[in-house]
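To find a chain, count down the sequence lines: A is the first, B the second, and so on, and within it residues start at 1.
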Amino acid sequence: MSFRLYHLQRATALVLAPLVLAHLFVIFYATSKGLSAASILSRTRGSDGWAAFYGLFVLAAAIHGAIGLRNVLAEWGPAPLARNPRALEAIVWTLALALGALGLRAVYAVVA
Amino acid sequence: MKNLIVSIWRGREDGRFVTYEAPRNESQTVLDIVTYIQREVDPTLSYRFACRVGVCGSCAMTVNGRPRWTCRTHVSKVVEDNRLQIGPLANLPVIKDLATDMTRFFERWQDAKGAFAPTATRADPIAAIKPEDARRQAVDAGIECINCGVCWSACDTVRWNADYLGPAALNRAWTLQNDARDGAAKERLSAVAQKGGCQACHSHQSCERHCPQGLNPTASIAGLKKMSLSAYLRGELK
Amino acid sequence: MSALADRRETGYRRDALWIAALVHRLSGVALALFLPLHFLVLGLAIRSDASLDSFLGWARQPLVKCAEAGVVFCLAVHLAGGLRVLMLETRGWRPGQRNLAIAGVLVAALAGAAYLIGA
Ligand code: SF4
Ligand code: SF4
Ligand code: FES
């Protein structure tokens, strides 16, 4: 893995750690109260706080996940791909963009 | 005691296991078994050893699935069901039988700038280094490597990543990074932070678990990661 | 099939920290595969609250609940394992990694179980 991607992955991990912890609490809270879609959405709609929280979460997760998948492919993937750094680099950014775009759309759907 | 059933790898990469029997003795080592078979059963069996006392690092083989220094591994410690499977070290090309080509392992040593770079001449006074100095203690913890290749064979990152420098070379680099007399710290740090360097390590500690010298390459590599992270944050590494 | 296949040489894959690294990787891949699905479902809220609601209704089936508990486990175990490695890599070596890794898996398993019971 390149030095730069390694540090980007650790930096996003650092951002994600508290967010994941908070997200786990949100999950437990929402399911234990048995919240309906309407009651969840009533809390998130129009909230800048939730938008910022999940916006950041989505961006960090998209980058972190893409780099992670790239590393798995580099070690376990079929040889022609695993030994082709340019293809791997392309995979990282394609995955990161796709995940980021889908994720931001989802955040928009629940906060807008 | 019952005879041991020993399967030994014969041939090159495309070889096979051949089964032999060997008498069992008190305090017998795995190397004793291999030597017995070569001397008494089949003199064409190839393997390496030199010191027989755990100093030279030439006798490592894969014994019942794990890499070991065979001269200091008692049969009683590794035998399973009265059987031993003895193969060449993993992650290295097999030359013949139990002898591997260790070139790549030693080349990685060079790639990691594993040579001491002196900063003084013989005319200078001897550097005063206190034994309780923290950096000296880091050196002490990693210095007793015998280049046996056991950690290399127990490392899946070596298996999966052709560029990886491997536990022993990185451990060596870490000891030099902590050597106050060395003058190549910058070049070495950038050599071990390249692709295939310390950042590729997954911290499984398989190297530490198997190192016959009780060294902990995982700890050394964690030290290198920390060191290169600080250099990166200070803008000294890209 | 060559005899290489029966050359046993990966006994180290039975060790706790090797397994911890595997769990970290597999949970990460699982999460990366789960993410787009999760995003698509949340995206349903763009169309209407009702389509999200009908999904949430479907998600209350026991089998789906179990799968969700699996996702919670993956998230928690990836977090715990990641924090351990992050500490190791940024603060330097600390002993006791094996116990820390096992503790992380246990905590994550508890989180998964708590989700199943609480939900
Ligand atoms: S801790 Fe690092 S060097 Fe040791 S076996 Fe794992 S990947 Fe290899
Ligand atoms: S670090 Fe240990 S296992 Fe690796 S080559 Fe040196 S002595 Fe052998
Ligand atoms: S023969 Fe020298 S270390 Fe085993």
Side-chain angles (χ1 to χ4, degrees), chain B residues 7 9-18 61-68 78 80 85-92 94 138 141-142 150-151 153-157 159 174 198-199 201-210 216-230 233, chain C residues 1-33 73-109:
Chain B
S7 1
W9 186 260
R10 300 306 306 267
R12 300 171 66 104
E13 299 287 346
D14 54 354
R16 67 201 167 88
F17 279 104
V18 175
M61 302 169 199
T62 306
V63 185
N64 278 357
R66 292 179 189 257
R68 309 266 183 199
V78 288
E80 287 166 27
Q85 189 195 67
I86 308 176
L89 280 181
N91 299 339
L92 293 166
V94 182
V150 160
C151 54
S153 289
C155 176
D156 261 332
T157 307
R159 186 178 289 265
W174 171 247
C198 61
Q199 281 84 15
C201 166
H202 293 301
S203 308
H204 332 95
Q205 284 176 241
S206 306
C207 48
E208 174 260 355
R209 201 81 202 269
H210 293 80
N216 187 349
T218 315
S220 304
I221 296 168
L224 288 175
K225 286 172 176 165
K226 182 182 174 189
M227 197 180 253
S228 53
L229 173 65
S230 339
L233 293 178
Chain C
M1 190 88 206
S2 86
L4 199 62
D6 52 57
R7 210 163 100 185
R8 291 165 56 198
E9 50 186 32
T10 51
Y12 53 81
R13 291 186 187 165
R14 289 195 295 269
D15 297 338
L17 285 171
W18 189 90
I19 295 170
L22 181 70
V23 167
H24 193 66
R25 171 163 287 189
L26 294 181
S27 60
V29 170
L31 290 169
L33 296 179
F73 170 76
C74 284
L75 195 58
V77 89
H78 202 77
L79 172 64
L83 281 177
R84 181 178 70 81
V85 172
L86 206 56
M87 290 293 285
L88 190 62
E89 294 184 343
T90 55
R91 315 293 308 268
W93 174 257
R94 295 282 180 289
Q97 295 299 320
R98 209 162 270 121
N99 291 341
L100 281 175
I102 292 168
V105 173
L106 289 179
V107 169

Q: Would a 4.5 Å heavy-atom cut-off, applied to side chains only, mark C:Y12 and B:H210 as touching?
A: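 A side-chain contact under 4.5 Å exists here.
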Q: If you take all heavy atoms of C:L88 and B:A222, which pair is closest and at what distance?
A: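 Heavy atoms only, the tightest pair is O-CB, 3.7 Å.
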Q: If I measure from the heavy atoms of chain C, does B:V94 come under 4.5 Å with its side chain, its backbone, both, or neither?
A: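 Contact with chain C: side chain only.
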Q: Report which part of B:L224 has an atom under 4.5 Å of a heavy atom belonging to chain C: side chain, backbone, both, or neither.
A: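 Neither; nothing under 4.5 Å.
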Q: Compare all side-chain heavy atoms of C:H24 with those of B:H202 and state whether any distance is below 4.5 angstrom.
A: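 No, too far: nothing below the 4.5 Å cut-off.
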Q: Look at atom CZ of C:R98 and say whether more than 12 heavy atoms of other residues, nucleotides or ligands are closer to it than 6.0 Å.
A: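 Yes, the 6.0 Å shell around CZ holds more than 12 heavy atoms from other groups.
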Q: Where on B:N216 is there a heavy atom nearer than 4.5 Å to chain C: the side chain, the backbone, both, or neither?
A: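 Just the side chain, heavy atoms under 4.5 Å.
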Q: Chain B: which of C:R84, C:R13, C:R94, C:R25 shares the most heavy-atom pairs with it under 4.5 Å?
A: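 Highest number of pairs under 4.5 Å: C:R13.
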Q: I need the minimum non-hydrogen distance between B:T62 and C:R8, along with the two atoms involved.
A: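 Closest pair (atom of B:T62, atom of C:R8, distance): CG2-O, 3.3 Å.
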Q: Do C:E9 and B:R159 touch side chain to side chain, with heavy atoms closer than 4.5 Å?
A: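 Yes, at least one pair of side-chain atoms sits under 4.5 Å.
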Q: Let me confirm one number: the CD1-NE2 distance from C:I19 to B:H204, rounded to the nearest 0.5 Å.
A: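 Reported to 0.5 Å precision, the distance equals 11.5 Å.
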Q: Sort out for me which of B:G87, B:S206, B:G65 touches chain C most, counting heavy-atom pairs under 4.5 Å.
A: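 Looking at each option in turn, the highest pair count goes to B:G65.
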Q: For C:L17, does its backbone N or O pair with a side-chain atom of B:Q205 as donor and acceptor, under 3.5 Å?
A: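 A pair under 3.5 Å: no.
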Q: Below 4.5 Å from any heavy atom of chain C, which atoms of B:S153 appear? Answer side chain, backbone, both or neither.
A: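 Only the backbone of B:S153 comes within 4.5 Å of chain C.
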Q: Heavy-atom pairs under 4.5 Å with chain B are the metric here; pick the option from C:G11, C:G92, C:A101, C:P95 that has the most.
A: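 Top option by heavy-atom pairs under 4.5 Å: C:G11.
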